[in-house]
Visitor: 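Have a look at the structure that comes next, please.
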Amino acid sequence: MKKPGPIDTRVMLIQQQLGNTEDFKVRRFQTLYGQKGALIYINNISDPKEINRLIFPRIYEEGKTQILQSRWIQETLPLREIEVTDDDAKIVENLLLGKVILMLEQDPDVCVFQAENFPFRQPEQPTVETTVKGTKEGFVESLSTNIALIRRYVPEKDLQVEHMEAGSLTKTKVALVYLNHVHLPEVLEEVKQRLKSIETDSILSSSEIKQWIEDNEWSIFPASRLTERPDSAAQSINDGKIAILTQNSPFAILVPFTFFETIQNMDDYYEKWYVSSMIRLVRLIAFFISIFLPGLYVALIHYNPGLIPSDLLVSIAQSRTQVPFPVIWELLIMEVTIEIFREAGIRLPKPLGQTVGIVGGIVIGESAVQANLVSPITLIVVAITTMASFSSPQYSMAYSFRLLRFLLIGAAGMMGLYGFILGSLVLTVHLASQKSFGIPYLSPFAPAQYRNWIDQFIILPLRWRNVKPSYLTKKKRKGDWKPLKRG
Amino acid sequence: MNRNFSLSTTQVTWLIVASAPVGINTLPRVLNEQTQQTGWLFLMASALLVYLFMRIIIILPARYPGQTIFEISSHVLGRWVGGLFILFVTVMMILGTGLSLRLLADGVINYILFHTPRFAVIFSMLMVVIYALSRGVETIAYINEIFQPLILLSMTLILLLVINKADFSELTPILSDEMNIAQGAAASFYPYVFILTIVYFFPYIKDHTVLKRGLIFGIITILWIVIKLFILSVTLFGTVELNYIEYPSIEFARLIQFPILERFHILYLIYWVIYSFTVHTVSLHVGATGINYFMPKAPLMTGVLIASVIAVSFSLYPDNIERVREYATYLNYVNTGLVFMAFPLLVLIDTIKRKVKPQ
């Protein structure tokens, strides 16, 4: 049995930290001068081909006449990045990141070579934020690819990238990307503090980070925006926002985020101003419909039918004569049914999902009307509301709209039009009290920043649109930062 | 109290507009009873007078920047007298909120919820107001920035929709023979009955120019609202018929014929409910802040709850609308006295003290 030498002992020490995993690989060698060494890596996540091709010939040549040292290799080898360390914990950490370790006898240090070979897909067309005229490439799960994409869109010397880690177990890499001369320093500092304060074992996606750093975890409104489009992220960075990219997640978090950005989309700027303005107004109308229509319907039918034109009222009354439920129950049944269909449609494979949509939407809807379980007008109200709720370009806002509907239906069911107004007031107060990283959620309308009113609902021609949002570009000294009050 | 927050001119303007009580919807009738078609002149004169006296009152925050009205009055009048003075003003604000809630409830029951108990209407509104107050002064300022322009816009829309039915000859002769000048003057001060609420926001107004601008814009906006309501009511109904109409502003909304909606006045009530919400939020905040002055260690919400209980109790106390009107008249007198006498006197005492003992 071969007596373990110093190299073997050191390799064993590292292996002990990684347990009995079988993808731990050690390639031992000896130079012509007699110095022993080992190349250590984890199979499947590292690609030592490049190391084999570049390092071994050099070791072979130089190792004929002298003892090799890690420092010497670092200084003389023309490789893109070589790190030298003697810290065992750091060696293990680098191994898990897919790097290759070169260990040499009589040398307390080791060389760490970049040779990561994680499986990543190439940028593809975004699946959530589809676009007609915008970019056809979306973020992917690779952090470095995502940063590269942003750098390609913003080739600016002031573009800064700062790396952080989140999750004590997963050690997920997080990158903050911003323009140095535009962003608000207090927002950046706040983002960093909140990222540092994340106390959890596992962070696997941007959505988790988004929840951790939100201003008010009880609010149903998102305090940041998720995007999978690099052009959206680049435009936001140009405006002074901060993009938070997460390893293994194809979504960038953009902060701060204000409520009226709900109806804005990057595609708006790719069309002529009047077309985009019209589309934004349609989205605004859809926003009002998706939140207010069912509640208003309950209030008017149940308490204040006098507001409805007589002819329409007669028609509605006739269609409801056979329906055994009060309008509020009728509406709630349909809303819950639609939610079930929607959830089933997402989980099922795409072709099946479409089938569920057809079966749910047409067959069951039609049957429910024929069986007098719901009136046709209720079905129309629920269908229009559901479609309208998905008109927001911000996907997570659609969830908020759906939840709000139930609040207003309940308020209208209890106190009619008066309850509906009170419910709307609660909603407005809640929105007015929210902040996104210190920026009031209803900016630029409350507080009023008249300069930023342009480009909210109506888009102006390109040559007139040279104003950045003032709430994002106010420059302060770095030392001015104080922790912001959340909520 | 978050004294880092600073109000802008727009926010001060809307807070002053939110101080105009809900009862301005009945003002055209009350003013018409005393002044007939000349009421609009009284409204203009009272706006000018209120502005002049408020300009005197806002000398105080210029002399004591960043201080609350409690600190200022304690400094000028001494701890006990200053405390009693503020207690009196606070109680008036809370009672005013109570009457305003009652007017709202009666209006809602008359036009929207015919069989709902008055208490339910008042209590539900109060819950929303308390929620708004729990979010702080910043939120109060923001909700006014959102709602007040919409309210003004909807009122202007209504003006445009009914103006074709107005008979402007009803406004002549400009000076009526049957006007009661004293009663008319008192009635015309009613829109400014809560204008003193702004003194409770002094610590949040860092720049005195903001206060001065906000004051003038706020008073002009209130004047525009009440003059428009009065002139429309007189020109649409005439001075005789107007005396018998309880809520003139709602009645002239009845005249609107809109192609899609029937009974347009019910939609108009939406504006009224939202407006009353902004008024109650500001006035109850003032009441709660006043109560908290006497309980410095208690959180603001304790003051809010105490003020709410008093306001609800007082709102349910009057037997009928006539009683409400009677109490509102007394309150009007007291608040007019506060604007034209008590607070200017506070400025005068401070001036004398400064002359005698320069600081």
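Here is how names work: the chains are called A, B, and so on, in the same order as the sequence lines, proteins then strands, and each is numbered from 1. Values in this document were obtained by computation on a predicted structure and should not be read as measured data. Excluded from the calculations below are hydrogen atoms, water molecules and symmetry mates; all remaining heavy atoms, backbone and side chain alike, are included.
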Visitor: List the atom of B/Ala120, the atom of A/Met415, and the distance in Å for their closest heavy-atom pair.
Guide: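 Closest pair (atom of B/Ala120, atom of A/Met415, distance): O-CE, 3.8 Å.
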
Visitor: Would B/Tyr131 and A/Leu425 satisfy side chain to side chain contact (heavy atoms under 4.5 Å, CB included), going step by step from the backbone distance to the final call?
Guide: CA-CA 10 Å; B/Tyr131 174 58; A/Leu425 287 173; over 6 Å; no

Visitor: Identify the heavy atoms of B/Glu145 and A/Ala446 that sit nearest to each other, and give their distance.
Guide: OE1-CA, 3.7 Å

Visitor: Do A/Tyr303 and B/Ile112 make a side-chain contact, defined as non-hydrogen atoms from C-beta onward lying under 4.5 Å apart?
Guide: no

Visitor: Counting heavy-atom pairs under 4.5 Å to chain A, which of B/Leu113, B/Thr10, B/Ile146, B/Ile143 comes out on top?
Guide: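 Among B/Leu113, B/Thr10, B/Ile146, B/Ile143, the one with the most close pairs to chain A is B/Leu113.
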
Visitor: Any chance you could measure B/Tyr142, atom OH, to A/Gln434, atom CD, to the nearest 0.5 Å?
Guide: 12.0 Å

Visitor: Tell me, side chain or backbone of B/Leu7 under 4.5 Å from chain A's heavy atoms, or both, or neither?
Guide: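 For B/Leu7, neither part sits under 4.5 Å from chain A.
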
Visitor: For atom CE of A/Met387, is the number of surrounding heavy atoms from other residues, nucleotides or ligands below 6.0 Å larger than 12?
Guide: no

Visitor: Using heavy-atom distances under 4.5 Å, tell me whether B/Ser124 contacts chain A through its side chain, its backbone, both, or neither.
Guide: both

Visitor: Which bit of B/Met127 comes within less than 4.5 Å of chain A, counting heavy atoms only: side chain, backbone, both or neither?
Guide: neither

Visitor: Measure the CG-CZ distance between A/Asn304 and B/Phe114 for me, rounded to the nearest 0.5 Å.
Guide: 7.0 Å

Visitor: Do the side chains of B/Pro149 and A/Phe445 get nearer than 4.5 Å, heavy atoms only?
Guide: no

Visitor: Got a second to check how far B/Thr139's OG1 is from A/Tyr441's OH, nearest 0.5 Å?
Guide: 14.5 Å

Visitor: Do A/Val429 and B/Phe277 have side-chain heavy atoms sitting under 4.5 Å apart?
Guide: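 Answer yes - side chains close enough.
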
Visitor: Under 4.5 Å, counting heavy-atom pairs only, tell me which of A/Leu417, A/Leu313, A/Leu431, A/Leu442 racks up the most with chain B.
Guide: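 Of the options given, most contacts go to A/Leu417.
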
Visitor: Name the member of B/Ile270, B/Val108, B/Ile274, B/Val121 that forms the most heavy-atom pairs with chain A at distances under 4.5 Å.
Guide: B/Val121

